[in-house]
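Numbered from 1 within each chain, the chains take letters A, B, ... in sequence-line order. What's counted below: heavy atoms across the whole structure, side chains too, no hydrogens, waters or symmetry copies.
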Number of protein chains: 2
Amino acid sequence: MDELDTAIVRELQRDARQTNRELARTLGIAPSTCLERVRGLRNRGVITGYRATVDLRSLGRPVQALLAVRIRPLSREVIEGFKAYLVTMDEVLSVYVVAGGDDFLVHVAVGDVDRLHAFLMDRLSGRKEVVDFRSSIIYQHVASDVITELD
Amino acid sequence: MDELDTAIVRELQRDARQTNRELARTLGIAPSTCLERVRGLRNRGVITGYRATVDLRSLGRPVQALLAVRIRPLSREVIEGFKAYLVTMDEVLSVYVVAGGDDFLVHVAVGDVDRLHAFLMDRLSGRKEVVDFRSSIIYQHVASDVITELD
DNA sequence: TTTGAAAGTTAGACAAT
DNA sequence: ATTGTCTAACTTTCAAA
């Protein structure tokens with residue numbers, strides 16, 4: 001991860017579909033060099049993929065919530081099982097397994113509040129391992145699109 | 001958003017760097033048609049961008065946490081100001097403005113626990129509007145890479 | 001809207017440095 | 001590791017259906 005790698009990672013986070021030539025020109029290196037670098041970053045697992053980002057509203061899912069869930073018993077099996085269950089559901093965008101008061105934080109997006117309620121009642125509260133949960137409506141969500149090394 | 005648009009959005013979330021020809025072949029349409037569709041989705045704001053995803057560990061940021069922050073007063077100005085402050089900091093990956101007990105949930109990634117502590121003490125607890133916060137270490141974070149319409 | 005064909009551009013491989 | 005060159009593949013435009 002020298003300066004060049006850092007710049008490539010930054011640029012491809014900004015726009016993953018720019019051409020290799022364009023990227024090379026930005027960095028002031030030959031396209032073939034650039035291609036080699038990008039391949040290296042991909043192979044070393046620094047770059048893990050290339051994804052289109054979408055507008056949840058356009059997909060008919062304007063209502064987002066964060067669910068703080070407590071489960072018991074706190075065994076590896078139960079945690080993995082519940083996590084696996086969560087990620088199978090289309091409503092779920094993101095699952096955080098956390099320390100502290102809560103065990104899971106689950107980011108969901110649905111069509112409306114009724115569907116959120118239905119999700120909580122029909123898919124969550126019925127689970128044996130779920131002993132408690134709170135749901136918080138998300139008013140705004142901002143994600144930084146370029147992640148860099150620190151310092 | 002007909003069936004074709006849905007498929008394009010799905011495919012480009014899976015792999016944003018596949019060629020237009022490849023995508024067209026998958027969908028069974030002509031490349032020129034495919035290009036037109038993709039442009040449409042981009043212009044209509046359904047697809048908001050194309051981003052490389054990165055491995056936080058490779059960027060030297062293996063320690064993640066979720067910070068639940070309460071701020072006062074809860075005015076639009078203070079909320080926007082605090083949010084703007086958060087997103088300027090490289091440690092911050094994501095900011096959720098939420099209803100309920102907490103006002104903000106902040107996803108951060110840093111190099112080690114010392115730096116997490118330093119962040120909390122030096123950048124967060126000093127702020128006038130922050131009346132309380134809890135930090136939870138994230139053991140695991142799984143994000144679904146393909147977001148679809150529901151039902 | 002969708003398409004095929006044409007023209008211009010790019011990706012990817014490779015030998016040389 | 002980086003580069004220029006080469007060929008095959010690709011993108012993009014546009015006239016026609």
Side-chain angles (χ1 to χ4, degrees), chain A residues 1-62 111 145-151, chain B residues 1-62 111 145-151:
Chain A
M1 283 299 287
D2 59 8
E3 204 170 285
L4 217 46
D5 284 340
T6 301
I8 291 171
V9 168
R10 173 176 20 82
E11 276 301 308
L12 287 178
Q13 284 184 89
R14 200 181 54 68
D15 177 8
R17 289 203 72 144
Q18 62 185 299
T19 65
N20 182 62
R21 288 184 101 85
E22 204 174 341
L23 182 56
R25 196 159 42 78
T26 302
L27 306 182
I29 57 177
S32 43
T33 307
C34 191
L35 196 64
E36 191 57 29
R37 288 286 193 138
V38 172
R39 264 205 280 251
L41 288 164
R42 193 76 169 88
N43 290 336
R44 280 147 53 204
V46 179
I47 292 174
T48 56
Y50 303 99
R51 317 214 165 283
T53 54
V54 297
D55 175 48
L56 289 170
R57 235 177 268 282
S58 302
L59 296 182
R61 301 172 61 174
D145 34 41
V146 176
I147 302 171
T148 62
E149 298 163 294
L150 299 180
D151 302 353
Chain B
M1 282 301 288
D2 61 8
E3 204 170 285
L4 218 47
D5 285 339
T6 302
I8 291 171
V9 169
R10 173 175 22 80
E11 277 300 310
L12 287 179
Q13 283 183 91
R14 200 180 54 68
D15 177 9
R17 288 201 69 138
Q18 63 185 297
T19 64
N20 183 60
R21 285 186 100 86
E22 204 175 339
L23 182 56
R25 195 160 42 77
T26 302
L27 306 182
I29 58 178
S32 44
T33 308
C34 191
L35 194 65
E36 191 57 29
R37 288 287 194 140
V38 172
R39 268 205 274 250
L41 288 164
R42 192 79 169 85
N43 290 337
R44 280 148 52 204
V46 179
I47 293 174
T48 55
Y50 303 101
R51 318 215 164 280
T53 54
V54 296
D55 176 48
L56 289 170
R57 235 178 269 281
S58 303
L59 296 183
R61 301 172 62 174
D145 34 42
V146 177
I147 301 170
T148 63
E149 297 164 294
L150 299 180
D151 301 354

Report the distance from atom [atom1] of [X] to atom [atom2] of [N], rounded to the nearest whole Å.
{"X": "Gln18(A)", "N": "dT11(D)", "atom1": "CD", "atom2": "C1'", "result": "16 Å"}
{"X": "Arg42(A)", "N": "dA11(C)", "atom1": "CZ", "atom2": "P", "result": "16 Å"}
{"X": "Arg17(B)", "N": "dA11(C)", "atom1": "CZ", "atom2": "P", "result": "7 Å"}
{"X": "Asp5(B)", "N": "dT2(C)", "atom1": "CG", "atom2": "P", "result": "9 Å"}
{"X": "Ile29(A)", "N": "dA1(D)", "atom1": "CD1", "atom2": "C1'", "result": "11 Å"}
{"X": "Asn20(A)", "N": "dC10(D)", "atom1": "CG", "atom2": "P", "result": "16 Å"}
{"X": "Tyr50(B)", "N": "dT11(D)", "atom1": "OH", "atom2": "C1'", "result": "14 Å"}

**Request:** Give a yes/no on whether any side-chain N or O of Arg39(A) is located under 4.0 angstrom from OP1 or OP2 of dA13(C).
**Result:**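 Yes, such a contact exists.
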**Asked** Under 4.0 Å between a side-chain N/O of Arg37(A) and OP1 or OP2 of dT2(D), yes or no?
**Response**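 Yes, Arg37(A) has a side-chain N/O under 4.0 Å of OP1/OP2 on dT2(D).
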**Request:** For Gly28(A) and for Arg21(A), locate the closest nucleotide of DNA chain D by heavy-atom distance; then report the residue assigned to the nucleotide nearer the 5' terminus.
**Result:**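 The residue whose closest nucleotide sits nearer the 5' end is Gly28(A).
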**Item:** Base dG12(C) paired with Ser32(A) side chain (donor-acceptor, <3.5 Å)
**Value:**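 For Ser32(A), whose side chain was compared with the base of dG12(C), there is no donor-acceptor pair (under 3.5 Å).
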**Prompt:** Just wondering, are more than 12 heavy atoms of other shown residues or ligands nearer than 6.0 Å to CZ in Arg57(B)?
**Reply:**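 Counting neighbours around CZ of Arg57(B), 12 or fewer heavy atoms of other residues, nucleotides or ligands fall under 6.0 Å, so no.
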